[in-house]
J.: 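Shown below is the structure under consideration.
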Amino acid sequence: MSDLPRKAVTRTVKLAALPLGIAGRATWGLGKRIGGKSAEIVARELQARTAEQLFRTLGELKGGAMKFGQALSVFESALPEEVAGPYRAALTKLQEAAPPLPAARVHEVLAQRLGEDWRELFEEFEDKPAAAASIGQVHRAVWHDGRQVAVKVQYPGAGEALLSDLKQLGRFAGLLGPLVPGMDLKPLITELRDRVAEELDYELEAEAQRTHADAFDADEDVVVPDVVFQGDQVLVTEWLEGTPLSEVIADGTREERDRAGQLLARFLFSGPARTGLLHADPHPGNFRLVSGADGRMRLGVLDFGTVDRLPGGWPKPIGRSLRMTLEGDAEGVYGHLCAEGFVRESIELDPDAVLDYLKPIIEPAEADEFTFTRPWLRGQAARIADPRSPAHQLGRQINLPPSYLLIHRVTLSTIGVLCQLGATVRLRDELETWLPGFLPED
C-alpha cells in the first residue's frame, strides 16, 4: 500500500461489501442451523466472521472508516458478553495500530511538505512508524536540538477519504446499530463528518495541544507533550514514553487500572475548566500511563485533533441537573431539562418517569467511589435498548441539543473506557471540584 486508497469508487466498493457480507453470513448461519448446528455455536461463528471482516476493512482503509471504528471501539463494554468476545480483539487492534505507509512514501511526503532538506531538521528519524491511525501515522525521531520527538505525518488524500467513508458508512449505519445496543450510530457518523476540517488542520491541533501543555505544565497527575514544530500536514511534538492504556486494559494491575481510571475522570472534568477545551477523542490509543521519577503514575494525553470549545468550562446546567437528580428533585430536574431544550415544547413527560430514567445512569456520581464494570454498562444499555422497557420509550422522546452532542459522546466514551479498565473511581470528588453547578450554591 503506497497511499490511502483515494479513489471514491475503490473505497465505496469495499465499504459497500460490509452490509452485503453481514447479510451473506446470516444466510450462511441459517444453513448451518438447518444442517444441525446449535444456534449458540452458529452465533459465535457469525460474530467472529463479522468482526474479522468489519474491522479488517475499517483498519485497512484508515480515513473515516477507521475513525468510525476507533469511536465505536470504546463502546464494546456495552455489548453482551457472548457477543463482545469475538469483537474485543478486533476492536483493540484499531486503538493502537493500522497498516502503515511504506518508508519511501513517507520520505516523499516529508520532502513535499518540509522541503528536500527535511532530514536536516532531525538528528535521527525512524522509518518504521511507532503508530498508525485513521488520518496519519507517527514516527519516532530526534530533533536537531537533541529532543526525542514524535513526528505525525498526515496521509495523502486523507480529507477525501474521510468524507467518502463517512458518507458511505452513514448509508448503512442501521445495520451496524446492533453492535452498540441503545445507541443510534447515525448521529455519531454525522458528527465525525462535521468535524473533518478540524481533524485535518494541524495548525488547530497544535494550538489545542499547546494550550493543554501550558495548562498542565508540571501537573502531578496529567502530562501533555509540548509542540516542537508545526508545518503543512506535519506535526512534531515531544515524545511521551509510557504504557498505552490499551495495554493497561489488557494486562494492568488493579492499582494501575484504578489510577488510570481516576486520572482519566480527572482529565475529563478538569480539562475544560483549565483550558476552555474538551479533549474529544477519548479512545485508549490516545492515553498513556506514565511513571515519574518519584514513582507516581500520571496520565499522558495525546492527539488533540478533535476538541470541543467550552470557554466557560463545563456548562453549569449539566451540574445543576445532575445535582437535582441525585437529590430526587423530579420537578426541578424536569423543569431544568425543558429549559435547556432536552424536552421539546410539543412534548409533555411525567417528571417522576424522567427521574426514574436518569437515576440508574448517574449511579457512579452517587457513591463516594464506584467500580465501573462491563456488566454495569451492559445493564444500562439493555435497559435503554429494550423496546418493551419504559426507559426505551421515554428515551426516544428526549432531545439532545446540538451544543451538547459532542459533550454527550465524550462523556459516554470515557465511561466506556472506564468500564474496559474495570476501574474503581472517586467520581464524586471530581464532580465536586470541577463541575459548575454540582454543589449547591450559597
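For this chain, numbers begin at 1 and follow the sequence in order. Hydrogens, waters and symmetry mates are skipped; everything else that's a heavy atom, side chains included, is used.
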J.: Report yes if the side chains of Val109 and Arg105 come closer than 4.5 Å at any heavy-atom pair, otherwise no.
T.: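 With C-beta onward as the side chain, the pair touches.
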
J.: Kindly indicate whether the side chain of Leu337, heavy atoms from C-beta on, has any atom under 4.5 Å from the side chain of Leu358.
T.: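 Counting from C-beta outward, Leu337 and Leu358 do come under 4.5 Å.
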
J.: Any ion pair linking Lys152 and Glu205 (charged N to carboxylate O, less than 4.0 Å)?
T.: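 Salt bridge flag = yes for Lys152 with Glu205.
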
J.: Please tell me if the side chains of Leu235 and Val227 come closer than 4.5 Å, counting only heavy atoms from C-beta onward.
T.: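 When only atoms from C-beta onward are counted, Val227 and Leu235 do touch, with a gap below 4.5 Å.
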
J.: What heavy-atom pair brings Val228 and Arg147 nearest, and what distance separates the two atoms?
T.: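 Smallest interatomic distance, heavy atoms only, reads CG1-NH2, 3.6 Å.
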
J.: What verdict does the side chain to side chain donor-acceptor pair (under 3.5 Å) test give for Trp143 and Gln148, after you've listed the backbone C-alpha separation in whole Å, the side-chain angles of each residue and the deciding distance to 0.1 Å?
T.: CA-CA 6 Å; Trp143 196 239; Gln148 297 282 330; over 6 Å; no

J.: Looking only at the aromatic ring of each residue, does the gap between the centers of His144 and Phe229 stay below 6.0 angstrom?
T.: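 Between His144 and Phe229, which both carry aromatic rings, the centre distance is not below 6.0 Å.
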
J.: Within a radius of less than 6.0 Å around CD of Gln393, do more than 12 heavy atoms belonging to other residues, nucleotides or ligands occur?
T.: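 Atom CD in Gln393 is crowded, with more than 12 foreign heavy atoms closer than 6.0 Å.
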
J.: Measure up the Phe267 and Phe287 rings against each other and bin them: parallel (under 30°), tilted (30 to 60°), perpendicular (over 60°).
T.: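 It falls in the perpendicular class, over 60°.
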
J.: Does a salt bridge link Glu363 with Lys359, judged by any charged N lying under 4.0 Å from a carboxylate O?
T.: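 Answer for the salt bridge query: no.
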
J.: Is there a side-chain contact between Phe122 and Val142, using heavy atoms and a 4.5 Å cut-off?
T.: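 A side-chain contact under 4.5 Å is absent here.
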
J.: Angle class for the His279/Phe304 ring planes (parallel below 30°, perpendicular above 60°, tilted otherwise)?
T.: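 Plane angle over 60°, so perpendicular.
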
J.: Going from CG on Leu400 to CG on Leu406, what distance comes out if it is rounded to the nearest 0.5 angstrom?
T.: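 Leu400 CG to Leu406 CG: 10.5 Å, rounded to 0.5 Å.
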
J.: Looking only at heavy atoms, what is the nearest atom pair of Cys419 and Trp376, with distance?
T.: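 Where Cys419 meets Trp376 most closely, the heavy atoms are SG-CE3, 4.0 Å.
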
J.: Salt-bridge test for Asp329 and Arg323: reply yes if a basic N is under 4.0 Å from a carboxylate O, no otherwise.
T.: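 Looking at Asp329 and Arg323, the cut-off is not met.
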
J.: Is any NZ, NE, NH1 or NH2 atom of the basic residue among Asp214 and Arg274 found under 4.0 Å from an Asp or Glu carboxylate oxygen of the other?
T.: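 No.
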
J.: Given side chains that start at C-beta, do those of Val417 and His283 come closer than 4.5 Å, heavy atoms only?
T.: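 Counting from C-beta outward, Val417 and His283 never come under 4.5 Å.
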
J.: Which heavy atom of Ile398 sits nearest to which heavy atom of Tyr357, and what is that distance?
T.: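 That closest heavy-atom pairing would be CD1-CE2, 3.7 Å.
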
J.: Please find the pair of heavy atoms, one from Gly285 and one from Leu302, that lie closest to each other, and give the distance.
T.: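 In terms of heavy atoms, the two residues are closest at O-CD1, 4.4 Å.
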
J.: Do the side chains of Val425 and Glu369 get nearer than 4.5 Å, heavy atoms only?
T.: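 Contact flag for Glu369/Val425 side chains = no.
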
J.: So for atom CD, which belongs to Glu203, do other residues, nucleotides or ligands contribute more than 12 heavy atoms lying within a distance under 6.0 Å?
T.: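 No, CD of Glu203 has 12 or fewer neighbouring heavy atoms, counting only those of other groups under 6.0 Å.
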
J.: Taking all non-hydrogen atoms of both residues into account, name the closest pair between Ala365 and Leu431 and its distance.
T.: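 Closest heavy-atom pair between Ala365 and Leu431: CB-CD1, 3.5 Å.
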
J.: Does Arg426 reach the side chain of Arg266, with side-chain heavy atoms less than 4.5 Å apart?
T.: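 The answer is yes; the side chains approach within 4.5 Å.
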
J.: Could you give me the CA-CA distance, side-chain angles and deciding distance for Glu241 and Arg140, then say whether salt bridge (charged side-chain N to carboxylate O under 4.0 Å, His left out) is met?
T.: CA-CA 11 Å; Glu241 199 68 60; Arg140 189 166 187 170; 3.2 Å; yes

J.: Taking the basic N atoms (NZ, or NE/NH1/NH2) and the acidic carboxylate oxygens, is any pair closer than 4.0 Å for Arg113 and Asp232?
T.: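 A salt bridge is absent here (no side-chain N lies under 4.0 Å from a carboxylate O).
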
J.: Could you tell me whether the side chain of Val410 reaches within less than 4.5 Å of the side chain of Asp308, counting heavy atoms only?
T.: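 When only atoms from C-beta onward are counted, Val410 and Asp308 do not touch, as no gap falls below 4.5 Å.
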
